[in-house]
There are 2 protein chains.
Amino acid sequence: MKNISQRMSSHKAGELVKDPTTLVETYPKVPLTVDCVLFGFEENVLKVLLIRSDLQVFDGLWSLLGDNVLDNEELDDAANRILKERTGMDDIYLEQVRSFSHPARHPGGRVITVAYCSLINIQHHQLKILDHELHWHEVQSLTKMAFDHFEILTYCNQWLQKRIQEHPLGFNLLPVKFSMRELQNLYEAILNHQLDRRNFRKKFASMGLLIDVNEIEDNVPHRPGKLYKFNFEKYEKNKRNWIGIDF
Amino acid sequence: MKNISQRMSSHKAGELVKDPTTLVETYPKVPLTVDCVLFGFEENVLKVLLIRSDLQVFDGLWSLLGDNVLDNEELDDAANRILKERTGMDDIYLEQVRSFSHPARHPGGRVITVAYCSLINIQHHQLKILDHELHWHEVQSLTKMAFDHFEILTYCNQWLQKRIQEHPLGFNLLPVKFSMRELQNLYEAILNHQLDRRNFRKKFASMGLLIDVNEIEDNVPHRPGKLYKFNFEKYEKNKRNWIGIDF
DNA sequence: GCAAAAGTGTTGTGAATACACCCATGG
DNA sequence: CCATGGGTGTATTCACAACACTTTTGC
């Protein structure tokens, strides 16, 4: 396969390429997939939606939800399509994380994949995941998966840990109305770290991004907590710009 | 082109795929390139290394340094290869940023590209860039480029702004020995923001990651500043783990 | 009244900010 | 001696961390 130096020497320096289509036809082509890491939160545990691998070499192992990218399909669209096919939902938080390209990552030959993270509220789509091949798995309990999917999951989990500290992603995993306790449980589960309850509440109170909906928890065997929803509009308006060296 | 539902219906549910190679052969294939955003720093200005596009439709426009990914080549390797071909250097800071996949981003048809950022010290490789098609361009002065490269550059520039505040990347753009003034100029150029000189020095002093090499600047028309080098070993040992909500 | 979690305030410490003067060097 | 930028210190403000008691509800 030609690399750029060889191609460049095939036409005179300074001479312009008139037919880009012919040029592109000389490029090697690779099979490209998107793998979605669908995170959810249930019973105070961070979970990920997995499917049993249908490859015999990975017999019994779990894999991420992936599919090949279609002709002329944007990667974002491919990820949204997979999400829709699996959960029936659209308008879901979804973000590209990174590409994985180890030549031997797929037993069927060279396949490059682009990992996407999505955070979904498990309550909101329980209907579609009755398919017995799909399963919400505790993130912490996984060690081995099909392909390089464990590596991808680990990377996305770290990405999520960092991301959730700087952006209000967590609210996508919670019900629209949630208690402070639920919010804190979510952060503790994702960060895998205990947080001081008073300081946590103080922090969110001082941000002024939670709206008290004047409702309280129901059916709890103790004093019910107040419910809040997140003020996405205010957040979008006041997004801060970071200046500050910190490492 | 088949998507996953169609493929899945072509073999019985529960039946395992025995020949992954045949499966992969059914995947659509796309031309894949890597584009390197090579940042440099000179005359207190952030620059990027560009080449004149050799496509006629982009006549006169500048483009990033890119090349197609070779068969069985890792993306990281492709990026390093391009870097080596263009600057003659290896062991350079290089990181994958994200993929760009708009179907019409390349006039020759569907080409997906993965953007990499690299930070290089302009002084260290002046020899190889005498090629008249290569040029260090001020990042701030660019508005229009070939392909979607202006979009990629803008994205990478923002990525760099964030990254440099949390990781000691900046030192890759400076000479091994540098003055506090040079360091601050670099940060101000990248962040596009003035910083208080005393607080900047205090911050870096308190981190304890700068080694005083007991040398001073030369040939400056004023009191010469002390020179430092960055203590990469100490940084690697003490890398901090972030816990803290901030948005 | 007991268990269980909600709700709340203060204090200390360290970091970021704002700000002004003297010093060393070259010309 | 003058111009230029190097080098330093302090006071204030703010954010974070640590920490304990009272309140409300279900049972």
Side-chain angles (χ1 to χ4, degrees), chain A residues 43-44 162 164-166 168 174-175 177-189 191 193-229 238 240-247, chain B residues 43-45 161-162 164-166 168 174-175 177-189 191 193-229 238 240-247:
Chain A
E43 296 158 356
N44 292 340
K162 178 161 173 49
I164 202 178
Q165 294 182 56
E166 300 179 355
L174 292 174
K177 301 169 183 176
F178 51 86
S179 67
M180 277 292 190
R181 167 57 52 191
E182 286 175 290
L183 184 59
Q184 185 175 345
N185 284 342
L186 173 65
Y187 271 86
E188 290 181 345
L191 298 178
H193 197 277
Q194 297 297 110
L195 301 168
D196 181 87
R197 191 164 54 95
R198 283 162 294 189
N199 293 335
F200 182 86
R201 298 163 90 97
K202 216 183 312 169
K203 177 68 188 174
F204 272 95
S206 75
M207 290 193 288
L209 293 172
L210 297 184
I211 300 170
D212 184 340
V213 295
N214 286 314
E215 291 178 54
I216 57 172
E217 287 178 302
D218 207 3
N219 285 325
V220 285
H222 55 76
R223 174 173 176 179
K226 296 168 90 169
L227 297 182
Y228 299 88
K229 56 182 185 179
N238 304 351
R240 52 193 282 194
N241 262 356
W242 278 91
I243 299 286
I245 294 139
D246 244 326
F247 54 84
Chain B
E43 296 158 355
N44 291 341
V45 170
Q161 289 183 335
K162 179 162 172 46
I164 202 179
Q165 295 183 55
E166 300 179 356
L174 293 173
K177 301 170 184 178
F178 52 86
S179 67
M180 276 290 190
R181 166 58 51 191
E182 287 175 289
L183 184 59
Q184 185 174 343
N185 285 342
L186 172 65
Y187 270 87
E188 290 181 345
L191 298 179
H193 198 278
Q194 297 297 109
L195 301 169
D196 182 88
R197 190 166 55 96
R198 282 161 294 186
N199 293 335
F200 183 86
R201 298 163 91 95
K202 215 183 312 169
K203 177 68 189 174
F204 272 96
S206 75
M207 290 193 288
L209 293 172
L210 298 184
I211 300 170
D212 185 340
V213 295
N214 286 315
E215 292 179 52
I216 56 173
E217 288 178 301
D218 206 3
N219 285 325
V220 286
H222 55 77
R223 175 174 174 180
K226 296 168 89 167
L227 298 182
Y228 298 89
K229 57 182 184 180
N238 304 351
R240 53 194 280 194
N241 262 356
W242 278 93
I243 299 284
I245 294 139
D246 244 325
F247 53 82

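Scope of the values below: all heavy atoms of this structure, side chains included, with no hydrogens, waters or symmetry mates. The sequence lines fix the lettering, A, B, ..., with proteins before strands; numbering per chain opens at 1.
- Residues B:Glu182 and B:Pro175 have side chains in contact (heavy-atom distance under 4.5 Å, counting atoms from C-beta outward).
- Between A:Leu227 atom CG and C:dA6 atom C1' the separation is 12 Å, expressed in whole Å.
- The separation between A:Lys203 atom NZ and D:dA17 atom P is 9 Å, rounded to whole Å.
- Taking 4.0 angstrom as the limit, A:Arg181 places a side-chain polar atom (N or O) nearer than this to OP1 or OP2 of C:dA6.
- Of the N and O atoms on the side chains of B:Gln165 and B:Gln161, not one donor lies less than 3.5 Å from an acceptor on the other residue.
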Between the protein and nucleotides 17-20 of chain C, list every N/O to N/O distance that falls short of 3.5 Å.
| from | atom 1 | to | atom 2 | distance (Å) |
| --- | --- | --- | --- | --- |
| C:dT17 | O4 | B:Lys202 | NZ | 3.3 |
| C:dA18 | N7 | B:Asn199 | ND2 | 3.1 |
| C:dA18 | N6 | B:Asn199 | OD1 | 3.4 |
| C:dA18 | N6 | B:Lys202 | NZ | 3.2 |
| C:dC19 | N4 | B:Arg198 | NE | 3.3 |
| C:dA20 | N7 | B:Arg198 | NH1 | 3.2 |
| C:dA20 | N6 | B:Arg198 | NE | 3.2 |
| C:dA20 | N6 | B:Arg198 | NH1 | 3.1 |
| C:dA20 | N1 | B:Arg198 | NH1 | 3.4 |

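- The separation between B:Met207 atom CE and C:dG14 atom C1' is 16 Å, rounded to whole Å.
- Under a 3.5 Å cut-off, the side chain of A:Glu188 and the backbone N or O of A:Leu195 do form a donor-acceptor pair.
- The separation between B:Trp242 atom CH2 and D:dC16 atom C1' is 12 Å, rounded to whole Å.
- Put simply, the side chain of A:Glu166 does not reach to within 4.5 Å of the side chain of B:Ile245, judged on heavy atoms.
- Among residues two or more places apart in sequence or in another chain, the salt bridge (charged side-chain N to carboxylate O under 4.0 Å, His left out) test is passed with A:Asp218 by none.
- Nucleotide C:dA5 holds its C1' atom 12 Å from the CD atom of A:Gln184, rounded to whole Å.
- Regarding B:Asn219, its CG atom lies at a distance of 13 Å from the C1' atom of C:dG27, rounded to whole Å.
- In this structure, the CD atom of B:Glu188 is 13 Å from the P atom of D:dG5, given to the nearest Å.
- Looking at heavy atoms from C-beta onward, B:Leu191 lies in side-chain contact with B:Ile164 at the 4.5 angstrom threshold.
- Using cut-offs of 30° and 60° on the angle between ring planes, the pair A:Phe204 and B:Phe247 is perpendicular.
- For the pair B:Phe200/B:Leu183, a side-chain contact is recorded, criterion being any heavy-atom separation below 4.5 Å from C-beta on.
- Under the 4.0 Å criterion applied to side-chain N and carboxylate O atoms, A:Glu215 and A:Lys177 are assigned as salt-bridge partners.
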Could you go through nucleotides 23-27 of chain D and list every protein N or O atom that sits under 3.5 Å from one of its N or O atoms, giving the distance for each pair?
| from | atom 1 | to | atom 2 | distance (Å) |
| --- | --- | --- | --- | --- |
| D:dT23 | O2 | A:Arg223 | NH1 | 2.9 |
| D:dT24 | O4' | A:Arg223 | NH1 | 3.4 |

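- Atom CG in B:Asp246 sits about 10 Å away from atom P in D:dA15, given to the nearest Å.
- Considering only side-chain N and O atoms, A:Lys226 lies nowhere under 4.0 angstrom from the phosphate OP1 or OP2 of C:dA6.
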